[in-house]
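Data block below; observations after.
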Amino acid sequence: MQVKLEKRPEPSRLMLVVTPIASVLLTMAIGVIVFDLLGIDGFRAVIDIFVSPILLSYKWQDVAVKAAPLIIIALGLSIGNRANVWNIGAEGQYIIGALCAAGIGIAAGTTGGPIIILMMLLAGMAGGTAWASVPAGLKTRFGVNEILSSLMLTYVAVQLLSYLVGGPWKDPNGRNFPATAPLQPEQTLPILIPGTTVHLGIAIALVLPFVFWLIMARSVFGYQIRVVGSAPNAARHGGFDSDQTVWLSMLIGGAMAGLAGALEFAGALKAINLGFPSGYGFTAIIVAFLGRLHPIGVLIAGIVLAITYVGGQVAQTTVKIPNATAGIFQALMLFFILASDVLVRNRIRFVRSPRAGSGQAASQTAGGE
Amino acid sequence: MNWDFLILAIITIVGISTPILLAGLGELVVEKSGILNLGVEGMMLVGAISGFAINVYSGNPWVGVAGAAGAGALSGLLFGFFVLTLRSNQVATGLALTIFGTGLSSLIGLSFVGRIVPQFGSVFPPELARDPVLKVVFGYSPIVYFALLMVVLVAWFLKSTRSGLILRAVGENDLSAHSIGYNVIGVRYAAIAFGGAMAGIGGAYFSLVITPMWAERMTAGRGWIALALVVFASWKAPRLLAGAYFFGILMWLELNAKAGGLSFIPGAQAIPSQFWAAMPYVMTVVVLTLISMRNRAGLNAPACLGKPFLPAT
Amino acid sequence: MAILNRRTLIKTGVAAAALPLIGSRAFAQEKLKIGFVFLGPIGDYGWTWAHNKGREALEAELGGQVETVYVENVAEDASAIPVMRDLAQQGCKLIFTTSYGYMDQTIQVASEFPDVKFEHCTGFKLADNVSVYNSRFHEGRAVLGTIAGMMSKTGTLGYLGSYKVPEVVLGVNSFLLAAQKKNPDAKLKLVFIDSWFDPPKEAAATETLLNLGADIVTTHTDSPAALQISRAARALRLRAGCGHVELCSECPPDRHRGHLGPTLHRARQGASGGHLEVGEHVGRHDRRHGGDVAVQQERTRRRGRRG
Amino acid sequence: MDTELAPRLALSGITKRFPGVLANDNVSFSVRPGEIHALLGENGAGKSTLVKMIYGIMQPDAGEIRWDGQVIRVANPKAARRLGIGMVFQHFSLFEAMTVLENIALGMDARIPGRELESSIRQVMEQYGLKLDPHRTVSTLSVGERQRIEIVRALLLNPRLLIMDEPTSVLTPQEVEQLFVVLRQLATEGCSILYISHKLHEIKALCDTATILRGGRLVDTCDPRTETSRSMAEKMIGAGLKEISKPASRALGDARLVVNRLSMAAIGHFGTALKDISFTVRAGEIFGIAGVAGNGQNALLLALSGEESSEDSEAITVDGAPVGQLSAKQRRLRGMASVPEERNGHAAVPDFTLSDNTILTARDRLGMVSAGLIRTGAASTYAGEVIASFAVKAQGPASMAGSLSGGNLQKYIMGREILQKPSVLVVSQPTWGVDAGAAAAIHQAIVDLAAAGSAIVVISQDLDELLSLCDTLAVINEGRLSRAMQVAEADVHEIGLLMGGIHGEQASAPAREAAIAG
């Protein structure tokens, strides 16, 4: 007997929806077992990480603040991934976006108001776009692998941030700590719900998935992205230029990451220090996959991931596990969702081992693996 | 500048280069087989804590290193299972492995904070290892010599053995290799396990040699530098060695820039330390571009790197 | 930040504003819940490690009276706010925010929870329910400098700094000035690694300092990497030693201490139902009482500023 | 056993059936030691299936294979090699970044130390005059040199039968000459050669015997040296062609599509360059392009559809307007439509619904887009129209394209283009793998479209189809197009010669050399 994967004629829609949910549940189940084995109250840990942030209403704003950048970045990345363009440098684009917004803030001095805020957001998008244009250009011009180039540029961005906040942009009143001066209150994003930290960026993160959904489902551009990812030759036949697709998907990914950086800066953190690069750009890749590269899926996945972050902090104080543990859960969810792609596209069949030796058998088993 | 300065500089550079050399060497073999594993940092951390923990229990650093290699290989195989058997996306799975390894090592490490471990003795007679001059040759941890040995072995393996030839063939054209009759998946599993083992030893170098202790995230991003290094070395083992030491020199320059002690390089103080810190990545992009600009002829980038293996059924 | 071996503090002034943090009632039955916001992992062997030791000592000493919780790896930005808020919401009545970078966040959250007392380490902003505490690290540094001045053969001293911030600079100056009292020709090689915690970089930087001629290295970073490196560098007759954490010549992780004093003292005050008064508390290291636990009141000054 | 009497290889009654196709039907012939034996036939005649069974890649359903007189079963290629059967594939795939030596080592069944292998390679190369540096990287080699690697690899096994599958399709004439020298030498040494080709002049020049297959059946085994090209062509494409149903003569209008000296470089190693292609299609005309597969049909389709644009904008004109440099999208706006031969993944996206698949090519002409947004209603309506008009068996516009049978998908794709009323339609293999009913429907639709005044180009390997459908016909061979012939006056034998690479006076030797040099 061997396990054989059999390609489904059509991807299973049921599996498409069931597998992400199953991945989360399976992750929780494994969490309970593993933690119990480690002598930690596994049930409590899993509840705290996955459920407490939902039950405790005062945690909602924290979840929202964490989810916003994840969702926005993941939306941009999911476009590229759909077209088989692998921008994994969103972290760098996020950093550059925040720096550009900070540049506008610093240049504006004490001036504030909607115009300045708008300029900051636009500058953030421009910065992220510019940073993403390097791998896009290298890819279309010279065929440079965008996975590697965009990853490398992330670390260049980190150093640029380090240089700026520790040098030219250092807060003169900051006791020499490497950080920018806090934004003027008139330069920060408006708070939508008084008394909370829910800022404008969260509204943007809630609206954008629907905009992206509209674009992906209804626009010619979304169609182009889907065709290029699904059947490149058909895309060429349909008159869609592959270089253009690379450019657009990279730049949109960069713009979204840059926007997220600007929003995080102007809405949540209000100053940039060396701790600014917090890995949102990488986690967003998980969000994009967990959301099945679908804008609404990304919205939900972003919230789920944010819950695990917030829940991870809860679990630190309750069952006393290190906060990196939340990463185990995030990784497990992603492992499962990626693995379950197999089920979406294939069904599993158990077949008898074919007769060895004959040429036919050899060719049958060749693909079965 | 005097000799002492030079000798100590070399010792520092060799020290900071060794973990990226080890992890890079493993990743080189993995990438040569056509797989891109972005989980190096995670595998290094798993190796660091495993090596440390096993050293605590066994009291023997050698056993610790072996354990680190085993744990690294296991985490690599986890990646392999998803990527090879279930054919999940390599990029996303690799990132997940890094996150996973970071979390797992923190969790395991909880009970190892503050423990003391036995350390490696010198492989050479102490007179040699401590000689003010000869220590530049004899004064390193055994893992440093192991790393150098592995460079030679990997270079020989890839260039001169049939197994190495098959491994390269699999990375170059998996479908052809498959049609000739080679076991593409099996070769890649082996490569990934080796890559994990080397990353694990690289991680153990932190927890057993550089700073014999366990601390969360103690590899501090060196796994990403190792990834850059493989590209910088254009997938050649001898160049990887040179590249590792070159990156080591850049890291050393960064520190010297911060120390303001760079009087021996005119004007160097004016260069922000971040410049040196960014150099490995910038140069990697430049090298990558040069590689891609020329015809692929004579280049080593594995043609199947990062692409899924989809044999016709 | 700092480090502290703290001892304690005091306070004065203002009692008017000071809240009866813990009122006298109820403490017999109800445990005082104390929260800690940590910058690094508790396994960093440095700043956070020492603070956590203080937390553990607190539980050991006041076991029945207090319950402690902590959150580690909290970034020094706005994301610390929800963490502090969460601790307050969980019922902590006393919260230690253990790094300078939490200053504004502490002030903000404190304003939302007037009945919770906050103790912020190394900052300078006060509020009705926010005190700051710190140690006189420079005194310890001066002791180190004195020793270094007397023992160094080469007259070149190494100092592994983290960030070029006032506290660190203060330590550097006192170290060097003290050393120069003993050896007027003493010179200092100084590296800032722009990080509190990066063991490989700390290790390499230490080697760099040794390479630049230093035969004694002191550190103001969090991991013991520098100590381990200097210890390994046997060519130096004098092993380098000792950071801000603890004066010791055999450094490894088991010998670190710190932070205990002020932490303990303040918590003890709270747990015993006494008033915690707001102010600036500065502790001094005092080995006579076992170093870490000794607490002495030294000075109190109430400042007018509020966050 | 007596090798003088027993043929080296003898096939008798070999039959191989695939779902829906009888690939080989009771084929019998034999190959003597030292004989160069041609297997001649059009694409789909069953040559490849036959040699795959000899080489052990497939097993016959019936019949027996004798080797030196003994009945054998060739389980797999390795077993074939052990018997002494070597094969050089038409589309060999080598490891580009590796050296010649490494490539050969990888393909050997035995582990031979590098130095030893190198000396045997050098020996083989010297023996047969094959020039190749074992240490060169494959990516720096020409296609002919790459083929030499495959030949050397096969020769290292000291084969007693060497199968060559269309070996010259990628070679220059000089390389072909060199190859023939090697093959003749091998034959004189006693190695039998089974030479698959459709090129009549090569077979006449090289082979001792020719076995001609058509439609999976053996038509004849003859001596090519005594046959004429014409007689072999006749056998290859079928002398007994069914009655050509001449299309009712239509009044043709003005020239709508004019291709003028269109040239294009080859894409990839196995692509075919287009050389100086010129033809004109008038309104109402159906223009057929015949030829054996792999002679530039794909390149021509891509060049006409706009997926590959030409450097010369005047090389292609539609209704007088130059479109050579326009993109596929722009050409479609000018009224050009095209249907490539590969349905899944090229003409249509299998993972998309039929409705979404209309958007691929019909979005601009049929107003399915407004302000950058797709009007899904319009797409769905149009998909429904196509399904209804072309009797496509599908659940409806929401069906996945990949779930349709080949014939239905082809009808859908043809319908999608035809209902757009293009002024020029270029279609490749319109009825490939399509059942008779669907084929008739597609043919009718093409005729109707022409009757409505469109200019139509049909590229097909099915000569019957072209003869019955087209007004005019030309043959493509090695990237060149013959002169156009009126189907009504066409000489089937001449077409056969053209398909077999006999260019007659049109492709004189000097012109050919010049083209290659350029």
*Where does D:R331 contact chain A at under 4.5 Å (heavy atoms): side chain, backbone, both or neither?*
neither
*Check each atom of D:D356 against the heavy atoms of chain A and say whether the ones under 4.5 Å are side chain, backbone, both or neither.*
both
*Report, by ascending residue number, the residues of residues 72-85 of chain A in heavy-atom contact with chain D at a distance under 4.5 Å; give 'none' if the set is empty.*
none
*Should we count CZ of D:R365 as having more than 12 external heavy atoms under 6.0 Å?*
yes
*Using a cut-off of under 4.5 Å on heavy-atom pairs, state which of D:V369, D:D364, D:T376 scores highest against chain A.*
D:T376
*asked:* Check this for me: A:W213, atom CH2, are more than 12 non-hydrogen atoms of other residues, nucleotides or ligands nearer than 6.0 Å?
replied: no
*Select, from D:S327, D:A347, D:S338, D:S305, the one with the greatest count of heavy-atom pairs under 4.5 Å involving chain A.*
D:S338
*Flag if over 12 foreign heavy atoms under 6.0 Å of CD, D:Q395*: no
_Interface residues of residues 222-237 of chain A facing chain D - non-hydrogen atoms under 4.5 Å apart_ = A:Y223, A:R226, A:V227, A:S230, A:A231, A:N233, A:A234, A:R236, A:H237
*asked:* Let's test your reading of the structure: which of D:E342, D:E308, D:H346 forms the most heavy-atom pairs below 4.5 Å with chain A?
replied: D:H346
_Partner chain A: residue of D:A328, D:A348, D:G345, D:A371 with the largest heavy-atom pair count (under 4.5 Å)_ = D:G345
_Donor-acceptor pair, distance only, cut-off 3.5 Å: does the side chain of A:R218 make one with the backbone of D:L373?_
no
*Is it the backbone or the side chain of D:Q330 that comes under 4.5 Å from a heavy atom of chain A, or both, or neither?*
neither
*Using a cut-off of under 4.5 Å on heavy-atom pairs, state which of A:D241, A:V220, A:L214, A:I215 scores highest against chain D.*
A:V220
*asked:* With a 4.5 angstrom heavy-atom cut-off, is it the side chain or the backbone of D:T361 that approaches chain A, or both, or neither?
replied: side chain
